[in-house]
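Computed from heavy atoms alone, side chains included, the values below leave out hydrogens, waters and symmetry copies.
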Number of protein chains: 4
Amino acid sequence: MLKVGIVGATGYTGVELVRLLKTHQHVKLHAMSSRSETGTLVSDYFRNLEGHCDLKFTALDSLDLQECDIIFFATPHGVAMDRAPALLALGKKIIDLSADFRIQDVQLFKKWYGIEHSCPDLLKTAVYGLPEHNRARIKNASLIANPGCYPTIIGLGLTPFLKANVIDPKSLIADCKSGVSGAGRKAELGMIYCEVADSFKAYGVKGHRHHPEVTQELQKINADSKLTFMPHLVPMNRGMFATLYAKLNQDISLEKLQQILVNTYQNEPFIKILPPNSQPETRFVRGSNQIQYSINIHSDQLVILGAQDNLVKGAAGQAIQNMNIMCDFPENAGLELIGIIP
Amino acid sequence: MLKVGIVGATGYTGVELVRLLKTHQHVKLHAMSSRSETGTLVSDYFRNLEGHCDLKFTALDSLDLQECDIIFFATPHGVAMDRAPALLALGKKIIDLSADFRIQDVQLFKKWYGIEHSCPDLLKTAVYGLPEHNRARIKNASLIANPGCYPTIIGLGLTPFLKANVIDPKSLIADCKSGVSGAGRKAELGMIYCEVADSFKAYGVKGHRHHPEVTQELQKINADSKLTFMPHLVPMNRGMFATLYAKLNQDISLEKLQQILVNTYQNEPFIKILPPNSQPETRFVRGSNQIQYSINIHSDQLVILGAQDNLVKGAAGQAIQNMNIMCDFPENAGLELIGIIP
Amino acid sequence: MLKVGIVGATGYTGVELVRLLKTHQHVKLHAMSSRSETGTLVSDYFRNLEGHCDLKFTALDSLDLQECDIIFFATPHGVAMDRAPALLALGKKIIDLSADFRIQDVQLFKKWYGIEHSCPDLLKTAVYGLPEHNRARIKNASLIANPGCYPTIIGLGLTPFLKANVIDPKSLIADCKSGVSGAGRKAELGMIYCEVADSFKAYGVKGHRHHPEVTQELQKINADSKLTFMPHLVPMNRGMFATLYAKLNQDISLEKLQQILVNTYQNEPFIKILPPNSQPETRFVRGSNQIQYSINIHSDQLVILGAQDNLVKGAAGQAIQNMNIMCDFPENAGLELIGIIP
Amino acid sequence: MLKVGIVGATGYTGVELVRLLKTHQHVKLHAMSSRSETGTLVSDYFRNLEGHCDLKFTALDSLDLQECDIIFFATPHGVAMDRAPALLALGKKIIDLSADFRIQDVQLFKKWYGIEHSCPDLLKTAVYGLPEHNRARIKNASLIANPGCYPTIIGLGLTPFLKANVIDPKSLIADCKSGVSGAGRKAELGMIYCEVADSFKAYGVKGHRHHPEVTQELQKINADSKLTFMPHLVPMNRGMFATLYAKLNQDISLEKLQQILVNTYQNEPFIKILPPNSQPETRFVRGSNQIQYSINIHSDQLVILGAQDNLVKGAAGQAIQNMNIMCDFPENAGLELIGIIP
């Protein structure tokens, strides 16, 4: 049993890692760090862990953490790049759920995240952890940049059609809708219940940090890719929905488009292509690592609908999927949970 | 005081009409009809009306209804067109909140609503009740087709730019999000709390009845207009949000686009253009007749954001606005309520 | 038109005062103060006020505020008692929505609110603003202690039966449920959407500040009154529900108990006693100043159910009702709005 | 691997059984019956099962069902008692999640459920499946009456103190709050989103079917037990909260009361007693089989707070726990899932 540590374990992504890892046969949770809660029993802090976890939150420099084989960073940006060099030198595997190693262009990183990248050399060895695109490279990586939730659902939805060259790469629009947990777990006025419940809004309208990330990945597929990205906030705890628009560049049937999608993902354990006339809903993937997609044509527009759980395939689940690949575990270890309805 | 009647008063639109009309100085609610609840005290059925309304639900053929000067139909499609001819012959004014008189093409109507139109002649005299477009014609009308909620927010958002000829009319996309009351008040499995709460989905993906309606109106502005329309369901009671995409057909600044919008609506009492850097949220128009819009540019895409209350400007409020214009009342009579937050 | 000022106008109670006062014929909103937002246009801060309010937030010492005839304090405790003496000396009328003047025993006040009372003399002249109990005294008051939301719904529910001497005053239990706006508008982790939505909990379990207040008022009716009070948090924006249990001290029919309640409140404009077999729901009083009660007997237990809007009858609405009484306005001025459903 | 069948598998309890059984090592789901959906692929109906279940819904008389070793009835009342005799004769084990075998008094059953009991003889052999009370009898049972959600949380909360004889058995009050899934999955007007969301109400005020059931069980502990029971509806999908009041009949410390509770349940895998100053919240048991309790004293009132997931410990989870005991599986098989937050 390999030992796992979680840095920044008081957020929603951290506690979700614990929930999923509990069902994992090949690793054992060994340490959870938190600056603010050092010394607190984890199950006193997250009482859903009552009876499931007897760890205490430790400091980031604790011995416990150093004893781990694999370390997940579920921290704000800036922490992972600060700690990664030393940990990698000790032979640890790192999966960073923050943005520190996602954007290869350090200028772009600085522009969007407001800080200088502290280890551009490491950045070059980091692998973008989208298993459906980079499985082979992930296998040999020591440092994984776990993708953002939006880039995951947008990238996996558009890529098959970009590759098949059936859509205009300059026409891409991603109208995305996220549950509130996507904004993290922090005390901000705009996030309190009464500012969010029974309402709907767009946010990040002038530019969202996931935009350069998803553009970088789409342009790897087709250098001409240009995306209009508009994220919205849904009054729900979890779940992310993407409505993706792309202009078809040819006369092509829905059947053929469906075939492209099905062929691309037929061996992927976590991508489900719905049959024609079925459409995704976020509740059907709540708590599971699946993305469900459907496609539709409206005259010359291809409309791709996708749903995922922003905390699972959009964060913790994908991180575990990456770990499984890196460590040669079955790819679905710890990820077989059925979505919970209602 | 003119006498007002409401046909089909057990739905959300019906009770919303009552709420608004209560603050109206120039009309008096005289009759409310309901097939299923005939004889029931209205305030026993909707207990928010306790102390505000001493009417009983009457049958559709009741004398009470015939004594009214103005009649609102808040019924499923098919009822208003059945009753309108006789009532108009008696000199009544009719405002139909259903779809019966919205679509001028009777073949198209039949295709989407599944029934033959029973009075195509009347259809020609019906006025589409979007005051910001048709105020003069509404003034002289006896029969108003009150617009659908989606056509209202989409039409008012896109029209100024279509008219100014700054967007490609073939590039229009309306990604819309509606609160659940938009689906009406009926016992359907898909509408029960646990199927809707904490989830998000698209619906009407293969085609929504508001699509031909809004297309008809947009094509009056520019005959080349072509719209991709995708409605979604938000787990909230009220509120409708529109994210409208249109390709700019020229190099034009945000300031100039903002000016187009501001100029168009500066004298409109219920359209508010937000200053740059402010964006609409449905909570700010909850219970009010306002639509709030903002605009943004993402490279060559114009992105218009709009929020309205689907039951007010999207239904009952707009109906009262139409009545005010028809009857020469102040246009904001009964419509001055401030949105309720939270 | 008298001039009204609101101190602490960035909270939910403050903006609710604005919403209601807009429909008031006899007063004009003249000033709104906020420490943190001085200089900001109020309608830029609360965009539901767009087109309804052209004031800017002013400082607490501004001339604007001094020009007001009536001043509402919608502030945290400690502010009103600090400012009241000077304002009263200038002849202003004050309605304090905070707790500063609710508890007559200064030791008890200090115990629960953690601060010394700064003007115990004023405390003696303050009138507890529960119109149904103290209308005559309110009429002549200059300083009103506007009741807490829980004490309002509990006090009005239990008092008729305590007065009629049909329940054991030592047996009282108030199991209360509040929407989240009851906790105010502040950035706290426990109040963010994902900590509250789709969950239910008790809070203030070891003791809630409204307990001494409601006990003080109940003991004015019967000195032996003893109340077990348990508040809970409901994932909804507005609304407060009370389930009140009291042991009947005699064999008495439901009809007679209903009569006691009906007789007590028959002339009260904002208390509605539901007919047998009807039960209150918070949605029917959303946005209105009504409380709706029903009663039931379970063997020797009287069970009173009540629903109010915590921000209206539980705060801003009751404050306006108090102003109306003080100023000889019609008691329902500004308070005739129908509850908004859904 | 024993074969499991689920009758009535289109409800929330049915699909929850599937979710939990998926993680069970000792049984295999073999058949799911549904009258209305016979022939439909289960994963087309509940798309959270996509990739997890390749069964089709079968008819109640299908061979598939007859091949099962254990059969869960997740049906409306009346179905299980109709089918149980024949199935038991075939040697099947039956766990009935409906009310058919819960109430031993057939007159009382008829009064509350409106139908004659069709097999009173079987009723005598049925075991009330509350493992913490009846583990030994469950072990040898063939027919389990799986308890209602309210009786579970009320019964387990009050029993230790009734047994310890520290509370007055005539003073019991259960003020309970349930998520909407407790009402089942059916198309009723009162259950649609807009009638429930952002509101709170009591229901079953004149009498709820779980009242005779929980009274029957409490009176087994102390024949004098008398309970006032008031259920309420919370706008949330899952979760049940109980606030239990009982009068202490002696002067006893919180520590001793806590000890009574801790001693009672120290070996129970699914009952967690929170430390003093911690209080339960339903979100911490969402999706898990735990009940969490805390206790508090308010003068001479004992106040017990409890939280469970109505669909798990309140239904499907407890049913599996019963199966595990009957079949000599580890009691926590299939029930080790961590609660999902947020």
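- Residues from residues 203-212 of chain D that place a non-hydrogen atom less than 4.5 Å from a non-hydrogen atom of chain C comprise V205(D), K206(D), given in numerical order.
- Contact annotation for residues 237-247 of chain C against chain D (heavy-atom separation below 4.5 Å, listed by residue number): N237(C), R238(C), F241(C), T243(C), Y245(C).
- A salt bridge is absent between K170(D) and D300(C): the closest approach of a Lys/Arg side-chain nitrogen to an acidic carboxylate oxygen does not fall below 4.0 angstrom.
- For a residue to count as touching a neighbouring chain, one of its non-hydrogen atoms must lie under 4.5 Å from one of that chain's; by this rule L254(C) touches chain D with the side chain only.
- Contacts with chain C (heavy atom to heavy atom, under 4.5 Å) involve these residues of residues 274-285 of chain D, listed by number: N277(D), Q279(D), P280(D), E281(D), T282(D), R283(D).
- In this structure, the portion of V303(D) lying under 4.5 Å from any heavy atom of chain C is its side chain and not its backbone.
- Contacts with chain C were tallied for P235(D), P342(D), S294(D), S199(D); S199(D) has the most, counting heavy-atom pairs under 4.5 Å.
- The two residues R286(C) and D198(D) come nearest to each other via the heavy atoms NH2-O, 2.7 Å.
- The interface of residues 185-194 of chain C with chain D, defined by heavy-atom distances below 4.5 Å, comprises C194(C).
- In this structure, chain D has no heavy atom under 4.5 Å from any part of A307(C).
- For chain C, the option among L233(D), I173(D), D175(D) with the highest count of heavy-atom pairs below 4.5 Å is D175(D).
- The greatest number of non-hydrogen atom pairs below 4.5 Å with chain D, out of M230(C), K177(C), Q301(C), is found for K177(C).
- In terms of heavy-atom pairs under 4.5 Å with chain D, the best-connected choice from I297(C), N296(C), L305(C) is N296(C).
- For the pair T228(C)/S299(D), no side-chain contact is recorded, criterion being any heavy-atom separation below 4.5 Å from C-beta on.
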